[in-house]
Amino acid sequence: MGDIKMRKVKVLVLITAMDRGGAETMVMNYLRNIDREKVQMDFLVIRKYKSDYEDEIKQMGSNVYHLNPIFLKNIGRFKREFRKFLTEHREYTIIHSHLEERSYFPMKIAKKMGVPVRIVHAHSIPNDKGPKQWARLYMRNRLKGLYTHGFACSEKTAKWLFGNNMKNITIMNNAIDTEKFKANEKTGKKLRQQLKIDEKTLVVGHIGRFVKQKNQQFLIDIFRNVNNQRPNSKLLLIGGGKPKAEQKYKNEIMKKIKEQGLENKVKFLGVRDNIEELLQVMDVLVMPSTSEGFPVTLVEAQAAGLHCIVSDQVTREVAITKLIEFISLDEDINTWIDCILKYKNSTRENMLQEIQRGKYDIVENARWLEEFYTNGK
């Protein structure tokens, strides 16, 4: 008798869009490293436009499907479309949803239609107010009993979405390709030259979408004061986003930069696919967020040996190494400024072993997820 070929497990990943955000990048890290002969990860995104990672996803043999967004005005349409999709695609025995509390709608349908493994994954802690927050709480409170497994990037995000009982919740690390991000002085010097930044310039970096929770308004205030004390300094803003709300907030940031005469000091680099190289250019990464889940950017930065100054609203679980420094948003702005100024010309240390010991290397984590998918538990 010949060998019996193992049947490939079909996983349907639900996610807003596969753009270059934190959760999306984490999912891509797993897709690139999982055994795709054993596991087929296909994507159902709830945006009609083509996402940043879509071509790469298809090149790896995965499918990308599009449905309409989950908005209040069209929730009935979404439910009809999703029900029709599952009816036509009975091959998916696992649904892994990164829609957080919005998973309520697809998971309710998936449970009724008998999908055996239904994973809901927590990535963030919303800080909305008013009707938007009420809607989030409504959906969150009705999720219980609809999923078979709860995943989260941190204990903090898990407790927001699933409650304080962590018994059946799995913390799935936002793992990275550690070798890709290791400190590389040669790359940093070369890219500084391309960006027309000399070696003596203090480079402050920030990576994130243009949304209020990333707190770029405060970051500009911090940098203005840094630049007053250290005129030979620059701020790199990396990231972007397609939604109109993000573009509107970005325009507000650009206006503030112009008003403060910092146009020649701040570089908007947009959405980039060479984050591992850009981290080598920076002297310090600053993240003054008002709300965060578990930023994969901070894992990448630590792997690159880069000092990071972050707000106290970022989970302390992200401090895998000694390179993370937390500052309260209630602290005087001078605390932030003094902290940034001390990091010019600081020597980078090789942190790869610490990242790997902390179990944030993607190879080991991808094997774990592969086993979970193939065993269904």
Side-chain angles (χ1 to χ4, degrees), residues 181-208 210 214-239 250 253-254 256-270 272 274-289 295 297-312 314 318-319 321-329 331-351:
F181 286 90
K182 67 182 178 183
N184 189 322
E185 190 179 341
K186 188 177 176 182
T187 297
K189 284 183 178 179
K190 184 180 176 183
L191 198 48
R192 275 197 178 218
Q193 289 172 356
Q194 290 175 13
L195 293 168
K196 295 182 171 58
I197 300 172
D198 68 55
E199 286 185 30
K200 293 180 181 178
T201 300
L202 170 66
V203 178
V204 180
H206 174 79
I207 302 170
F210 283 91
K214 297 293 182 184
N215 209 9
Q216 285 104 341
Q217 291 272 14
F218 181 49
L219 178 62
I220 300 306
D221 291 334
I222 294 169
F223 179 70
R224 184 190 72 238
N225 286 277
V226 166
N227 191 249
N228 285 341
Q229 295 187 45
R230 178 77 184 250
N232 192 14
S233 60
K234 290 211 182 282
L235 173 63
L236 304 184
L237 294 176
I238 302 161
K250 183 178 179 181
I253 300 300
M254 293 173 82
K256 183 168 185 171
I257 288 167
K258 190 174 181 180
E259 287 172 351
Q260 297 185 0
L262 295 170
E263 300 103 306
N264 296 325
K265 301 289 186 173
V266 181
K267 286 182 177 286
F268 286 87
L269 299 184
R272 302 291 288 255
N274 64 332
I275 296 298
E276 71 281 4
E277 294 178 345
L278 288 165
L279 288 169
Q280 310 300 332
V281 172
M282 302 171 194
D283 290 295
V284 60
L285 181 77
V286 182
M287 185 179 285
S289 305
T297 297
L298 293 180
V299 182
E300 294 168 346
Q302 288 174 89
L306 182 64
H307 287 280
C308 306
I309 303 168
V310 304
S311 82
D312 59 345
V314 177
V318 81
T321 71
K322 62 185 179 183
L323 296 175
I324 303 284
E325 189 162 347
F326 295 94
I327 301 178
S328 170
L329 288 173
E331 280 276 2
D332 187 274
I333 194 169
N334 289 311
T335 306
W336 290 81
I337 297 158
D338 293 343
C339 197
I340 291 168
L341 289 170
K342 73 185 181 187
Y343 285 125
K344 178 57 193 160
N345 297 324
S346 58
T347 306
R348 295 203 184 200
E349 296 178 49
N350 189 327
M351 291 293 176

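- Taken from CD1 in Ile337 to CG in Asn227, the straight-line distance is 11.0 Å, to the nearest 0.5 Å.
- Put simply, the residue from Leu235, Ile257, Ile238 that forms a side chain to side chain contact (heavy atoms under 4.5 Å, CB included) with Phe268 is Ile257.
- The shortest side-chain heavy-atom distance between Met282 and Ile207 falls under the 4.5 Å cut-off.
- Between Ile340 atom CD1 and Ile309 atom CD1 the span is 4.5 Å, to the nearest 0.5 Å.
- Side-chain atoms of Asn232 and Leu202, non-hydrogen and from C-beta on, never get closer than 4.5 Å to each other.
- A ring pair (Phe, Tyr, Trp, His ring centres under 6.0 Å) with Trp336 is found for exactly one of Phe218, Phe326, Phe223, namely Phe218.
- For the residue pair Asp332 and Thr335, no side-chain donor N or O sits within less than 3.5 Å of a side-chain acceptor on the partner.
- In plain terms, the two heavy atoms of Leu306 and Arg348 that are nearest each other are CD1-NH2, 3.5 Å.
- Between Tyr343 and His307, the angle of the ring planes stays under 30°, which puts this pair in the parallel group of the 30/60° scheme.
- For Glu185, the CD atom sits in a loose shell: 12 or fewer heavy atoms of surrounding residues, nucleotides or ligands are nearer than 6.0 Å.
- Shown here for Asp221 and Asn225, the closest heavy-atom pair between the two residues is O-ND2, 2.8 Å.
- Panel note: side chain Lys344, backbone Val284; no donor-acceptor pair is recorded below 3.5 Å.
- With a 4.5 Å cut-off on side-chain heavy atoms, Leu298 and Leu285 count as touching.
- Once rounded to the nearest 0.5 Å, the distance linking NZ of Lys250 with CD of Gln216 reads 10.5 Å.
- In summary, the side chains of Thr321 and Gln302 do present a donor paired with an acceptor at a separation below 3.5 Å, with no hydrogens or angles considered.
- The nearest pair of heavy atoms linking Pro295 to Met287 is CG-SD, 3.8 Å.
- Heavy-atom minimum distance, Val286 versus Val204: CG2-CG1, 3.6 Å.
- Judged by distance alone, with hydrogens and angles left aside, the side-chain atoms of Lys256 form a donor-acceptor pair with the main-chain N or O of Gln217 at under 3.5 Å.
- Considering only heavy atoms from C-beta on, Ile275 stays 4.5 Å or farther from Thr297 through its side chain.
- Using modelled atom types and a 3.5 Å distance limit, the side chains of Ser289 and Asn215 yield no donor-acceptor pair.
- Residue Lys234 holds its NZ atom at 13.0 Å from CG of Asp283, rounded to the nearest 0.5 Å.
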Between Arg192 and Gln280, does the side chain to side chain contact (heavy atoms under 4.5 Å, CB included) criterion hold? Intermediate values first, please. CA-CA 9 Å; Arg192 275 197 178 218; Gln280 310 300 332; over 6 Å; no
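- Remark: the backbone N or O of Pro231 is paired with a side-chain donor or acceptor of Lys265 at under 3.5 angstrom.
- When every heavy atom of Leu329 is checked against every heavy atom of Pro288, the shortest pair comes out as CD2-O, 3.6 Å.
- Judged purely by atom type and a 3.5 angstrom limit, His206 has no side-chain atom pairing as donor or acceptor with the backbone of Leu237.
- Here the CD-NZ distance, from Glu325 to Lys342, works out to 4.0 Å after rounding to the nearest 0.5 Å.
- The OG1 atom of Thr187 lies 11.5 Å from the CG atom of Leu279; values are rounded to the nearest 0.5 Å.
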Tell me, with the steps shown, if Ile253 and Val266 meet side chain to side chain contact (heavy atoms under 4.5 Å, CB included). CA-CA 11 Å; Ile253 300 300; Val266 181; over 6 Å; no
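- In plain terms, the two heavy atoms of Ala304 and Ala183 that are nearest each other are O-CB, 3.5 Å.
- When atom types are taken as modelled, the side chain of Glu199 and the backbone of Gln193 share no donor-acceptor pair closer than 3.5 angstrom.
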